[in-house]
Engineer: 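Got a structure for you, questions after.
The chains referred to below are lettered A, B, ... by the order of the sequence lines, with proteins before strands, and numbering in each begins at 1.
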Amino acid sequence: MGIKPLLTKDFATENLKQLAVYEKTGGYTGFKKALEMQPDALVDLVKASGLRGRGGAGFPTGNKWSFLPKGMYPRYLVCNADESEPGCFKDRYLMENSPHQVLEGILIASYAIGCNLAFIYIRGEYLPQTEALEAAIDEARQAGYLGKNVLGKGYDLDVILHRGAGAYICGEETAMLTSLEGYRGEPRLKPPFPAVKGLYGKPTVVNNVETVCNLPHIVLNGADWFKAIGTPTGSGTRLWCMSGHVNRPGNYEMENGTPIRELIEEHGGGVWKNRKLKAFQPGGASMMVLLPEHLDVGLDFDAIAKAGSLAGAGAMVVMDETTCMVDAARRYVKFFEHESCGKCTPCREGTYWMANIFDRFEGGEAKVGDIDLLLDIGYNIDGRSFCPLGDASTWFPRSVIKFFRDEFQEHISEKGCPFKKSVQEAVA
Amino acid sequence: MPLAKPTVTQIQELAARYPSKQSAIIPALWAVQHEQGYVTDAAMSEIAQHLGLPPSLIEATASFYSMFLTRPEGRHDVVICVNAPCMLRGADEMAAYLERQLGVRDGATTSDGAITWHSTIECLGACGGAPMMQVDHRFEENLTPERIDAIIERLRTDPLPGPPHKGEGVEAPTPNKGEDVAQPKKPARPRARKN
Ligand SMILES: Cc1cc2nc3c(=O)[nH]c(=O)nc-3n(C[C@H](O)[C@H](O)[C@H](O)COP(=O)(O)O)c2cc1C
Ligand code: SF4
Ligand code: FES
């Protein structure tokens, strides 16, 4: 348990971005080994490794691959590099430090599922990361890792790097495919799942950047090696993006199952300014708040779910005792209001009204019934929205009302935020 | 202003690259914004022509995505994130400081045409270095008032535009100079109803 660099182990190597340097650290040997295997054997290997998707839902990667209907071609792989969940900045870190590792993962996944054209959908704001990947793709093409007859093995593969343009919803896999087809990025109904009817109506696998980065290591070292790291239902490591009130924010690659306490107190250097921990939030904006009593929970999909939140995309937002929980929830709600794609009514209207009510709390105009009104609206969004964005917009605010209802009450009785120090005062 | 030749070529190449030419819409919009600094109706009609698609389709797509600009902005583009993880580390204070130093409101361009700035609730993916700004698509992290001053100074004295309108040999678009009017922020996505 603890810090365990697998994906990040060579990140201190200078010029790791360059193909020659990446190869010196063992880069592309995983792909070469994969090319010697039968694609089906690769799928079985990844299944046996227990690798689960790092994009948020934690779905077993090998299983997802095996859902592709037999004999239906072409097939597509889309690498999800849209990372926009507030609190997350790990895919960016992987892409800018080792773009070839991302690419190698994509090559392995493509070969395993029998895809000849793969896509990377990267968020529009990540320009330096786009440039890093672009350069890596060019180098890989020249070295024969990409193109016709890859490494003389009779396998053809091309990769298209596709830049988004500022829409969080395009991280949702079906919205991503719609966006990639050139339309407004609205989600589609599931089923049919992308594995059956995805990009251009063809069988498609969507995998997160961190997920594919695991593949070269699994192929090289085997399923048993990977399974021995982490927990029985959560093999491997994850990058945790720590932010907020800690002394040392940043990315930490931790073995799954390591207690949250170790991440925050040891590696993050504890809560800043010698203050006390009030709450933290794993998973990103969507996920429920947890309390100091949950510090001994393991960094693991299942353990965090059992504690009442979700590991999501691996964020760890730390909040000290001076944090206004109402304001934190207000920001997230405004984010979801801004990012709601507008397709379905519960989410489009519900996030708008939640944001309005939160503004009333902030502005000192909230009325006694407003707390229950928020809960009521949340209840009417969750489970009634077209896609998980709507549902998730209610999870953090509702969990904050559950644990910190008195702070909402204080905003009503004190006609404004009891925590707020004036912004002018702070910068004067 | 008709599209420059290299942009047209690029759009045609894009159309051939994807299994469906419609997939080239977003990359084509990027190519146009890269050349001209923003995307006009005329440019969208040209994209439509080159892709052989109806202009309404290009407009429908373009209006969904918040990064496509519809009007000229300053030479440099400054965005400060105020979502919760950044808020925890003082993003509001930095946004207020930035506003005071630039002397123009959120969404506006400084009178010398150098900088357009706005705050955003979209996390930009740099919460570990909060408070942060995105300056011409590069992250500036761990902001302090002193660092903000230095960045502003650099941008004001840099005569060349930065991305997304960085095109080689392309002139800086001229924003409405001297106006301290907050340009209405484009809503992220047009909504069915908003009261
Ligand atoms: C609103 C929303 C936003 C999402 N954003 C992302 C994202 O930015 N990156 C990502 O990899 N997955 C994101 N996902 C999850 C994807 O839909 C999908 O499950 C994932 O990319 C699958 O890859 P994985 O199996 O490797 O995790 C999002 C899901 C939802 C509902
Ligand atoms: S839940 Fe929100 S984001 Fe999802 S389809 Fe409905 S409006 Fe769009
Ligand atoms: S919340 Fe500001 S960069 Fe993530």
Side-chain angles (χ1 to χ4, degrees), chain A residues 74 83-89 91-92 117 123-128 160 162-168 179-186 199-200 241-245 249-251 285 315 317-320 323 327-329 331-332 334-335 338-342 345 348-349 352 423-424 426-427, chain B residues 17-27 29-30 53 57 60-68 79 81-90 92-97 100 120-130 134 136-139 145 163-164 187-195:
Chain A
E83 181 164 77
S84 320
E85 180 78 24
C88 290
F89 44 93
D91 295 340
R92 167 197 157 198
L117 180 59
R123 77 178 287 192
E125 287 86 350
Y126 281 179
L127 191 59
I160 295 183
H162 188 91
R163 196 169 161 216
Y168 165 70
S179 173
L180 202 40
E181 288 170 2
Y183 296 93
R184 301 166 68 82
E186 288 173 1
L199 189 61
Y200 311 121
C241 313
M242 195 151 41
S243 65
H245 295 152
N251 271 300
V317 187
V318 178
M319 302 171 191
D320 75 17
T323 310
D327 198 14
R331 309 274 166 150
Y332 287 145
K334 283 182 119 46
F335 167 77
H338 189 262
E339 296 301 325
S340 164
C341 82
T345 318
R348 183 186 64 238
E349 302 296 311
Y352 171 70
V423 166
Q424 272 71 28
V427 292
Chain B
R17 182 114 211 266
Y18 288 88
S20 141
K21 58 189 177 181
Q22 186 154 338
S23 288
I25 294 179
I26 293 176
L29 288 163
W30 273 125
L53 297 167
L57 204 59
T61 298
S63 61
F64 186 82
Y65 299 91
S66 62
M67 290 180 80
F68 294 126
V79 188
C81 167
V82 294
N83 205 326
C86 279
M87 175 270 273
L88 295 173
R89 293 185 81 93
D92 290 355
E93 288 79 354
M94 291 305 134
Y97 184 80
R100 205 178 71 187
T120 184
I121 196 73
E122 272 178 70
C123 164
L124 294 168
C127 338
Q134 196 176 44
D136 292 333
H137 286 250
R138 314 275 149 178
F139 293 140
R189 278 145 216 68
R191 288 164 182 262
R193 175 171 68 83
K194 184 135 189 173
N195 39 345

Engineer: Given that the side chain runs from C-beta out, which part of A130(B) has a heavy atom under 4.5 Å from chain A: side chain, backbone, both or neither?
Structural biologist: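 No part of A130(B) comes within 4.5 Å of chain A.
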Engineer: Taking side chain as C-beta onward, heavy atoms only, is I26(B) less than 4.5 Å from R163(A)?
Structural biologist: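 With C-beta onward as the side chain, the pair stays apart.
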Engineer: With a 4.5 Å cut-off on heavy-atom pairs, point out which of K334(A), E186(A), H245(A) contacts chain B the most.
Structural biologist: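 The candidate making the most pairs under 4.5 Å is H245(A).
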Engineer: Looking at every heavy atom in both C123(B) and F335(A), which two are closest together, and how far apart are they?
Structural biologist: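 Minimum heavy-atom contact is N-CE1, 4.4 Å.
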Engineer: If you count heavy-atom pairs under 4.5 Å with chain B, which of S84(A), G185(A), A285(A) comes out on top?
Structural biologist: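 Answer, by heavy-atom pair count under 4.5 Å with chain B: G185(A).
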Engineer: For a quick test of reading the model, state the closest non-hydrogen atom pair linking F89(A) to G125(B) and the distance between them.
Structural biologist: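 Shortest heavy-atom contact: CB-O, 3.2 Å.
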Engineer: I need the residue from R123(A), E85(A), E83(A) with the largest number of non-hydrogen atom pairs under 4.5 Å to chain B.
Structural biologist: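 Most pairs with chain B among the choices: R123(A).
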Engineer: Let me know if I121(B) has heavy atoms under 4.5 Å from chain A in its side chain, its backbone, both or neither.
Structural biologist: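 For I121(B), the contact with chain A is made by backbone and side chain together.
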Engineer: Between L199(A) and chain B, with a heavy-atom cut-off of 4.5 Å, which part of the residue counts as in contact: side chain, backbone, both or neither?
Structural biologist: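 Neither the backbone nor the side chain of L199(A) comes within 4.5 Å of chain B.
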Engineer: Which bit of C241(A) is near chain B, if near means a heavy-atom gap under 4.5 Å: side chain, backbone, both or neither?
Structural biologist: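 When you check distances to chain B, no heavy atom of C241(A) falls under 4.5 Å.
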Engineer: For residues S179(A) and Y65(B), determine if any side-chain heavy atom of one lies less than 4.5 Å from a side-chain heavy atom of the other.
Structural biologist: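 Contact flag for S179(A)/Y65(B) side chains = yes.
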Engineer: Testing the basics here: between Q134(B) and E125(A), what is the closest heavy-atom pair and its distance to 0.1 Å?
Structural biologist: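 Distance-wise, the nearest heavy atoms are NE2-O, 3.1 Å.
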Engineer: Where do W30(B) and G164(A) come nearest, in terms of heavy atoms and distance?
Structural biologist: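 Smallest interatomic distance, heavy atoms only, reads NE1-O, 3.0 Å.
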Engineer: Taking all heavy atoms of T323(A) and all of L88(B), pick out the closest pair and write down the distance.
Structural biologist: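 Looking at all heavy atoms of both residues, the shortest contact is CG2-CD2, 3.5 Å.
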Engineer: Determine the option with the most heavy-atom pairs under 4.5 angstrom with chain B, choosing from A315(A), G87(A), C88(A).
Structural biologist: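 Maximum pair count with chain B is reached by G87(A).
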Engineer: Is Y183(A) in contact with chain B via its backbone, its side chain, both, or neither, using a 4.5 Å heavy-atom distance?
Structural biologist: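 Contact with chain B involves both backbone and side-chain atoms of Y183(A).
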Engineer: Looking only at heavy atoms and a cut-off of under 4.5 Å, which of L117(A), D327(A), D320(A) has the most pairs with chain B?
Structural biologist: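 Most heavy-atom pairs within the cutoff with chain B belong to D327(A).
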Engineer: Roughly how far, to the nearest 0.5 Å, is CD of E339(A) from CD of E122(B)?
Structural biologist: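 The distance works out to 4.5 Å.
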Engineer: Looking only at non-hydrogen atoms, find the nearest pair between A84(B) and A328(A) and report the distance.
Structural biologist: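 Heavy atoms of A84(B) and A328(A) come nearest at CB-O, 4.0 Å.
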Engineer: Against chain B, label N251(A) side chain, backbone, both or neither, depending on which of its atoms sit under 4.5 Å from a heavy atom there.
Structural biologist: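 For N251(A), no heavy atom lies under 4.5 Å from chain B.
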Engineer: Measure distances from L124(B) to the heavy atoms of chain A and classify the residue's part below 4.5 Å as side chain, backbone, both or neither.
Structural biologist: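 For L124(B), backbone and side chain are both near chain A.
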Engineer: Give the member of T61(B), L53(B), V79(B) that has the highest number of heavy-atom pairs under 4.5 Å with chain A.
Structural biologist: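 Most heavy-atom pairs under 4.5 Å with chain A: T61(B).
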Engineer: Can you find a heavy atom in the side chain of S63(B) that is under 4.5 Å from one in the side chain of R184(A)?
Structural biologist: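 A side-chain contact under 4.5 Å exists here.
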